[in-house]
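Encoded as structure tokens, the structure appears first; notes follow it.
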Amino acid sequence: MSTIAATAFQSALLDWYDIHARALPWRVPPGSARTPDPYRVWLSEIMLQQTVVQTVKSYFETFVSRWPTVHHLAAARDEDVLAAWAGLGYYARARNLIACARAVSGRGAFPGTEAELLELPGIGPYTAAAIASIAFGRPSVVVDGNIERVMARLFAIETPLPAAKTEMKARAADLTPRRRPGDHAQALMDLGATICRPKAAACLACPVRQFCAATGNAPERLPRKLSKAAKPERRGIAYWLTHGEDVLLVRRPDRGLLGGMRALPATPFVADREPIPAPPFETEWKAVSKPVVHVFTHFRLELTIMTADISAMPRPSGDWHPVADIVNAGLPTLFAKAAKLAAGDLLHD
DNA sequence: AATACGGGGCC
DNA sequence: GGCCCAGTATT
């Protein structure tokens with residue numbers, strides 16, 4: 001697209017955004033004289049990594065209500081932040097969130113350049129560009145999954161992802177304006193989310209269809225992607241050990257799957273063999289009727305739940321949590337499912 | 001460049 | 001059941 005056409009594209013896109021921008025809790029309205037609070041932009045961008053807007057909304061509100069500034073968040077206890085993040089997934093984000101908040105609070109405020117933002121934990125190329133653009137008005141080149149899709153269709157890029165990323169970023173750079181770069185980036189993302197959708201692209205309603213190489217030419221086939229490997233199966237055993245009104249919880253190691261999160265005691269999740277039992281207490285265990293089936297990014301898990309009650313014995317030390325309050329224990333979804341199944345199954349006895 | 005890393009909603 | 005989502009860190 002020529003420079004002249006790029007200018008016309010930017011105008012058409014921003015005119016559309018001025019009317020159709022999604023109202024989101026972390027946003028300021030389009031064309032606003034003020035830029036949004038960098039803390040809110042950062043927090044929303046971390047939560048939005050590989051996570052849909054609808055899911056993020058309630059978590060975002062909870063976090064900003066409980067920790068209104070980066071300094072509040074920096075002063076929070078790790079376990080409180082992780083528990084508040086429970087259910088949102090990709091828990092390394094929560095651990096990096098804490099580290100980043102402390103780094104930023106220590107230096108006083110968020111840096112305003114893409115290069116400095118990129119140095120912070122949990123902030124990669126996309127997020128650095130997004131914060132620089134949206135919160136600091138810099139003409140950074142913002143490219144997320146939405147914008148890759150829009151570029152693929154606008155320029156009919158037939159090269160499959162991820163090889164096409166370089167070309168897509170170059171095309172996005174050609175289109176990035178000096179004025180209102182944050183609105184431009186958000187407009188492209190809104191376009192991708194509401195018009196230039198993965199399936200059922202609404203080309204008739206698209207403000208930039210006159211610039212697009214894919215309109216009327218099966219836009220849904222773009223971007224092309226390399227096929228993914230099949231998900232292997234893994235198995236594991238989790239243990240629901242009760243004593244009186246309480247159940248035993250553990251904290252998982254800081255690195256790896258569900259790292260740092262509260263959990264039920266469990267075996268490692270293994271492929272191609274039965275898990276080796278690893279009960280947290282030697283007693284008589286009984287299997288819950290059905291296993292929990294849970295799909296992770298790179299494997300499918302069948303988790304058998306074993307239950308036992310040792311109320312008659314002295315209580316071993318550990319992280320005992322009231323069963324009645326288990327939904328507030330900060331369990332990731334896998335173990336929340338397991339807890340629900342175990343508690344429900346015992347109810348039926 | 002490839003892999004690990006969640007979870008939910010949609011078709 | 002596969003695809004997709006405001007990706008990053010590690011190897």
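The chains referred to below are lettered A, B, ... by the order of the sequence lines, with proteins before strands, and numbering in each begins at 1.
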- request: Mind telling me whether A:F335 and A:F269 have parallel, tilted or perpendicular rings, with 30° and 60° as the class edges?
  value: tilted
task: For C:dA6 and B:dC10, measure between their P atoms and round to the nearest Å.
output: 13 Å
query: Counting distance only, does the side-chain N/O of A:R252 pair as donor-acceptor with the main-chain N or O of A:L257 below 3.5 Å?
result: yes
- request: Would you mind telling me which residue lines up with the more 5' stretch of DNA chain C, A:P223 or A:L118, judged by nearest nucleotide?
  value: A:P223
task: Have a look at A:V53 and say if it touches a base, only the backbone sugar-phosphate, or nothing, with a 4.0 Å heavy-atom cut-off.
output: base
- prompt: Relative to A:F299, does A:R234 satisfy both conditions: NZ or CZ under 6.0 angstrom from the six-membered ring centre, and within 45 degrees of the ring's axis?
  reply: yes
message: Could you tell me the boundaries of the chain A footprint on DNA chain C, defined by atoms under 4.0 Å from its heavy atoms?
response: C:dC4 to C:dA9
message: My understanding is that a hydrophobic cluster links ILVMFWY residues whose side chain heavy atoms are under 4.5 Å apart, including indirect links. Using that, what else belongs to the cluster containing A:Y90?
response: none
What N/O pairs connect the protein and nucleotides 3-6 of chain B at under 3.5 Å? Give each pair on its own line.
unit_1	atom_1	unit_2	atom_2	d
B:dC5	OP1	A:L257	N	3.2
B:dC5	OP2	A:H298	NE2	2.7
B:dG6	OP1	A:Y91	N	3.0
B:dG6	OP2	A:L258	N	2.7
B:dG6	O4'	A:Y90	N	2.9
B:dG6	N7	A:Y90	OH	3.4
B:dG6	N7	A:T297	OG1	2.6
B:dG6	O6	A:Y90	OH	3.1
B:dG6	N1	A:Q50	O	2.8
B:dG6	N2	A:Q50	O	3.1
B:dG6	N2	A:T51	OG1	2.8

Return a table of donor-acceptor pairs under 3.5 angstrom between the side chains of residues 106-125 of chain A and protein atoms on other chains or two or more places apart.
unit_1	atom_1	unit_2	atom_2	d
A:R107	NH1	A:A109	O	2.5
A:T113	OG1	A:E116	N	3.3
A:T113	OG1	A:E116	OE1	2.7
A:E114	OE1	A:S140	OG	2.8

query: What interatomic distance, in whole Å, is found between C1' of B:dG6 and the corresponding atom of C:dC3?
result: 15 Å
- line: In short, side chain to side chain donor-acceptor pair (under 3.5 Å) pairs touching residues 269-285 of chain A with sequence neighbours left out are A:R235-A:E274
- prompt: If you look at every heavy atom in A:A164 and A:T159, which pair is closest and at what distance?
  reply: CB-O, 3.3 Å
message: Per the salt bridge (charged side-chain N to carboxylate O under 4.0 Å, His left out) rule, what does the pair list look like for residues 5-20 of chain A, sequence neighbours excluded?
response: A:D18-A:R180
query: Across the strands shown, which category fits A:R22 at heavy-atom distances under 4.0 angstrom: base, sugar-phosphate, nothing?
result: base
statement: Note: contacts of residues 125-142 of chain A with DNA chain C (heavy atom, under 4.0 Å) are A:P125, A:Y126, A:T127
- prompt: Has A:I276 got more than 12 heavy atoms of other residues, nucleotides or ligands less than 6.0 Å from its CD1?
  reply: no
Sub-4.0 Å heavy-atom contacts from residues 150-174 of chain A onto DNA chain B, ordered by number: none
- prompt: Counting any heavy atom closer than 4.0 Å, what does A:W26 reach on the DNA or RNA strands: base, sugar-phosphate only, or nothing?
  reply: base
- request: Classify the nucleic acid contact of A:L97 as base, sugar-phosphate or nothing, counting any heavy atom under 4.0 Å across all strands shown.
  value: nothing
- prompt: Counting N and O atoms only, with roles assigned by atom type, does the side chain of A:R93 sit under 3.5 Å from a partner on the main chain of A:L88, one being a donor and the other an acceptor?
  reply: yes
query: With sequence neighbours excluded, what pairs up with A:H20 under the side-chain hydrogen bond (donor to acceptor under 3.5 Å, both in side chains) test?
result: none
task: List in chain and number order the residues that pass side-chain hydrogen bond (donor to acceptor under 3.5 Å, both in side chains) with A:E158, two or more places apart in sequence or in another chain; answer none if no residue qualifies.
output: A:R221
Ring geometry between A:F296 and A:H294 (parallel below 30°, tilted from 30 to 60°, perpendicular above 60°): perpendicular
- prompt: Any Lys/Arg nitrogen of A:R95 or A:D78 sitting under 4.0 Å from an Asp/Glu carboxylate oxygen of the other?
  reply: no
message: Show me the pairs that pass salt bridge (charged side-chain N to carboxylate O under 4.0 Å, His left out) and involve residues 125-148 of chain A, at least two apart or across chains.
response: A:E148-A:K165
- request: Let me see the working for A:Y239 and A:I305 under side-chain contact (heavy atoms from CB on, under 4.5 Å), right down to the final yes or no.
  value: CA-CA 6 Å; A:Y239 299 92; A:I305 316 300; over 6 Å; no
message: Please list, in numerical order, the residues of residues 183-205 of chain A that have a heavy atom closer than 4.0 Å to any atom of DNA chain B.
response: none
